[in-house]
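Step one of this worksheet: look at the structure below.
A quick note: this is a predicted structure, and the numbers were derived from the prediction, not measured. One-based numbering along the sequence shown.
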Amino acid sequence: MLSVTGNYQSLGLSTLQNTALSTRLERLSSGLRINSAADDSAGLQISNRLASEKRAYTQLNRNLNDGISYAQIAEGGLQESAAILQRMRQLAIQSQNGINSVSDRAALDKEFQQLKNALNGIAYNTEAFNRLPLVDDSDLLSANVPSISDTFTNGVNQSMTSGLRSIAYIPAGSANIQINLNDNGANDDIQVFTVDGKHLAGTPLSAGTWNSNGISNSTSIESTFFLPTNGYEPTASYDDSNLLTIGSATIDGNNISFTGDQNASGNLNETLTIASNAQPLIISVIGSGAFNVTASWTSLGNEGGPTFTLGPVDITATNQLGVGTDFIELTKTPATLADLGFDSTSLQNESDAESALERIDSALQLVSESRAFYGAKINQMASAIRNNAIGFENISRAHSQITDADFASETALLTQAQIVEQASISVRAQAKSSDEQVLGLLNDTVNQSA
C-alpha cells in the first residue's frame with residue numbers, strides 16, 4: 001500500500017551508521033582502539049597506568065646512561081693518572097741509581113714535580129655533571145672564605161686590617177697570581193696554606209707576627225686558626241716541612257715565589273707570586289695592624305666548593321610500584337696529591353726516591369682499585385638497563401593490546417559500515433520515490449475531479 005510518511009526510521013538508521021562509520025575511521029586514522037573515555041572507560045584507566053610505567057622505564061634508562069657517562073669520565077681521569085704514576089715510578093727508579101749526580105737527580109726531580117702538577121690537575125679538572133668525582137668534599141674550600149676575586153679587584157690597591165683569619169682563597173688552576181703588600185710598619189706578613197694545614201709560604205710560627213696573635217706552636221695554630229670558618233678541614237694539622245720563607249719553589253704542584261719578611265732591613269713591602277697552583281690555597285695576612293695591598297691575576301680556576309655539588313651520586317636503577325626506588329651509588333674516589341700521599345715527595349736523593357717509590361706503588365694500587373670500582377658500576381648499570389628493557393617490552397606489549405586498534409577487524413567493520421550506509425541511502429531514495437508516486441496519483445485525481 002502506498003502512503004505518505006516521514007522517514008524518521010531511515011533518519012535514525014542513518015545517524016547510527018554515521019556514528020559507526022566515524023568510529024571506524026577515527027580508529028584507523030589514529031591507530032588506537034581507545035580515543036576517548038566512551039570507547040572503553042575501564043581500558044582507558046588501565047592504559048593510562050601502563051603508559052605511566054612505560055615513561056618511567058624510558059626515564060630510568062636515561063638515568064642509567066647518565067650514570068654510565070659519569071663513571072666513564074671518572075675512570076678516564078684515573079686512567080690518565082695511572083699513566084702519570086707509571087712515569088713517576090720510572091723516574092723514581094732511575095733516581096735511585098747510584099750513578100746519578102746531584103744535578104742529574106735535580107733534573108729528574110724537575111720532571112717529577114711537573115708530573116705532580118699534572119696529577120693534581122687531572123683530579124681537579126675531571127668534572128662530570130657539575131661534580132668532581134676525583135676530589136673529596138673535604139678538599140673543596142668552605143664557602144665561608146671568599147674567593148680572591150671577591151676580596152680584591154684585579155690590579156686595584158686597597159687597605160685592609162690584618163688578624164687571625166683567612167682573607168681569600170685561590171681556586172686550583174689559577175695563573176699568575178701576584179699579591180703586593182705594604183704593611184705600613186706594622187710587620188704584617190702574607191701566609192699561604194693548603195686546606196689540610198700545610199704552610200707553603202710565609203713566616204715561621206716563631207715570628208712575632210704570629211706571637212702577637214697568641215700563636216707560637218702547632219698546637220695553638222690548630223686550635224685557634226685551623227677552623228672550618230677559615231676554610232680548613234676539620235682534621236687539618238700544621239706542617240711546615242716545606243715552608244718557603246724567601247725565594248722560589250715548586251711545592252706539591254704549586255709554583256710559588258716570595259720575597260719574604262723584609263722589615264729587618266727597613267723594607268715594608270712583600271710580594272707573593274703564584275705562577276700556578278694545582279690545589280686550592282688559602283691566603284692570610286697575619287699581624288695586628290693595617291696594610292695596603294694590590295692583587296692581580298691572569299686567570300682564576302674553577303672556584304670549587306660553593307659551585308660544585310657535593311657527596312656521592314645515586315643513580316636511579318629501578319622503579320617498582322608499591323615497593324620504592326632502588327639506587328646504584330657512585331661514591332667519590334679522591335685522587336689528589338694529598339689523597340694519594342704525594343704532598344712532599346721528591347727525588348732529590350736516593351732516600352727521597354725510595355720513599356717516593358713506596359708511595360707511588362701505594363697510589364697505583366689505590367687508582368687501580370678505583371678504576372675497578374667504576375668498571376663494576378658500569379657493568380651493574382648496563383645490567384640494569386638490560387633488565388629494564390625487558391620490563392619495558394612487556395609493559396609496551398600489554399599497553400598495545402589494550403589501546404592499539406586491530407586494523408584487520410576495523411577495516412572489515414569499516415567496509416561493513418560503508419555497505420550498510422550505501423544500502424541506507426538506496427532505501428531512503430526508494431522511500432522518497434514512493435512518496436513522490438503517491439503525491440502524483442493524488443494530484444492526478446484532483447485534476448480529473450476539477
Side-chain angles (χ1 to χ4, degrees), residues 141-170 174 176-195 197-232 236 238-240 242-249 251 254 256-274 277 280-297 300:
L141 287 163
S142 168
N144 294 321
V145 183
S147 167
I148 188 172
S149 61
D150 294 326
T151 302
F152 302 102
T153 300
N154 196 346
V156 177
N157 184 272
Q158 61 190 82
S159 179
M160 300 181 69
T161 57
S162 59
L164 202 60
R165 61 186 177 87
S166 300
I167 62 172
Y169 76 81
I170 301 175
S174 300
N176 299 322
I177 306 290
Q178 184 166 309
I179 300 176
N180 297 307
L181 177 145
N182 183 301
D183 64 15
N184 298 319
N187 198 22
D188 299 327
D189 295 320
I190 300 174
Q191 314 290 338
V192 182
F193 289 91
T194 62
V195 295
K198 189 162 189 178
H199 201 173
L200 301 184
T203 50
L205 298 187
S206 58
T209 187
W210 286 104
N211 300 158
S212 63
N213 283 278
I215 292 178
S216 58
N217 53 48
S218 59
T219 302
S220 55
I221 193 173
E222 289 171 4
S223 62
T224 60
F225 185 63
F226 287 173
L227 306 173
T229 52
N230 277 329
Y232 293 93
Y238 184 72
D239 178 5
D240 62 354
N242 293 107
L243 176 61
L244 178 67
T245 57
I246 188 171
S248 301
I251 308 171
N254 305 291
I256 302 175
S257 297
F258 184 48
T259 59
D261 181 11
Q262 305 177 84
N263 271 251
S265 61
N267 190 340
L268 306 182
N269 297 304
E270 293 182 10
T271 298
L272 170 72
T273 301
I274 302 176
N277 61 310
L281 301 177
I282 300 178
I283 304 296
S284 298
V285 178
I286 304 300
S288 54
F291 58 89
N292 293 323
V293 61
T294 303
S296 61
W297 54 85
L300 297 178

Between L227 and T224, the two heavy atoms sitting closest are CD1-O, 3.6 Å
Heavy atoms of S159 and N292 approach each other most closely as CB-OD1, 3.5 Å
The side chain to side chain contact (heavy atoms under 4.5 Å, CB included) partners of S162 (sequence neighbours excluded) come to D188, V285, F291
side-chain hydrogen bond (donor to acceptor under 3.5 Å, both in side chains) filter on N242, not counting sequence neighbours, yields K198
side-chain hydrogen bond (donor to acceptor under 3.5 Å, both in side chains) filter on N157, not counting sequence neighbours, yields T294
Taking only distance into account, with no hydrogens and no angle test, what donor-acceptor pairs under 3.5 Å do side-chain atoms of residues 265-273 form with protein atoms, sequence neighbours excluded?
residue, atom, partner, partner atom, Å
S265, OG, Q262, O, 2.9
N267, OD1, N269, N, 2.9
N267, OD1, N269, ND2, 3.4
N267, ND2, Q262, OE1, 3.4
N269, OD1, N182, ND2, 3.0
E270, OE1, I190, N, 3.1
T271, OG1, N180, OD1, 3.0

Residues F152 and V293: closest non-hydrogen pair is CE2-CG1, 3.4 Å
Sorted by chain and number, sequence neighbours left out, ring pair (Phe, Tyr, Trp, His ring centres under 6.0 Å) with Y238 holds for H199
Sequence neighbours excluded, the answer for side chain to side chain contact (heavy atoms under 4.5 Å, CB included) partners of T151 is P146, M160, A168
dist L164:CG -> S284:OG (nearest 0.5 Å) comes out at 8.0 Å
Correct closest heavy-atom pair for S147 and L300 would be OG-CD1, 4.5 Å
_Assess the residue pair I246 and T259 against the criterion (side-chain contact (heavy atoms from CB on, under 4.5 Å)); give the C-alpha distance rounded to whole Å, side-chain angles, the decisive distance to 0.1 Å, and a yes or no._
CA-CA 5 Å; I246 188 171; T259 59; 5.7 Å; no
Between the CG atom in N254 and the CG atom in L200, the distance rounded to the nearest 0.5 Å is 6.0 Å
Check your understanding: Please walk me through it: do N230 and I282 pass side-chain contact (heavy atoms from CB on, under 4.5 Å)?
Key -> CA-CA 9 Å; N230 277 329; I282 300 178; over 6 Å; no
Hits for side chain to side chain contact (heavy atoms under 4.5 Å, CB included) against S296, two or more places apart or cross-chain, chain-then-number order -> N154, Q178
Interatomic distance, CD1@I170 vs CG@N277, rounded to 0.5 Å, equals 6.0 Å
Rounding to 0.5 Å, atoms CZ (F193) and OH (Y232) come to a distance of 5.0 Å
Sorted by chain and residue number, the side-chain hydrogen bond (donor to acceptor under 3.5 Å, both in side chains) partners of N176 (sequence neighbours excluded) come out as T298
Nearest heavy-atom approach of G214 to S220 is O-CB, 4.0 Å
Sorted by chain and residue number, the side-chain hydrogen bond (donor to acceptor under 3.5 Å, both in side chains) partners of D189 (sequence neighbours excluded) come out as none
- prompt: Any side-chain heavy atom of I251 sitting closer than 4.5 Å to one from L244?
  reply: yes
*Ignoring hydrogens and angles, tell me if any N or O in the side chain of D261 forms a donor-acceptor pair with the backbone of N263 under 3.5 Å.*
yes
dist T194:OG1 -> L281:CG (nearest 0.5 Å) comes out at 7.5 Å
Without placing hydrogens or testing angles, list every side-chain donor-acceptor pair under 3.5 Å for residues 202-211, not counting sequence neighbours.
residue, atom, partner, partner atom, Å
T203, OG1, Q191, NE2, 2.7
T209, OG1, I286, O, 2.6
W210, NE1, T203, O, 3.0
N211, ND2, L205, O, 3.3
N211, ND2, I215, O, 2.9

Minimal heavy-atom distance between A295 and W297, with the atoms involved, is O-CZ3, 3.9 Å
OG1 (T245) and CZ (F258) are apart, to the nearest 0.5 Å, by 8.0 Å
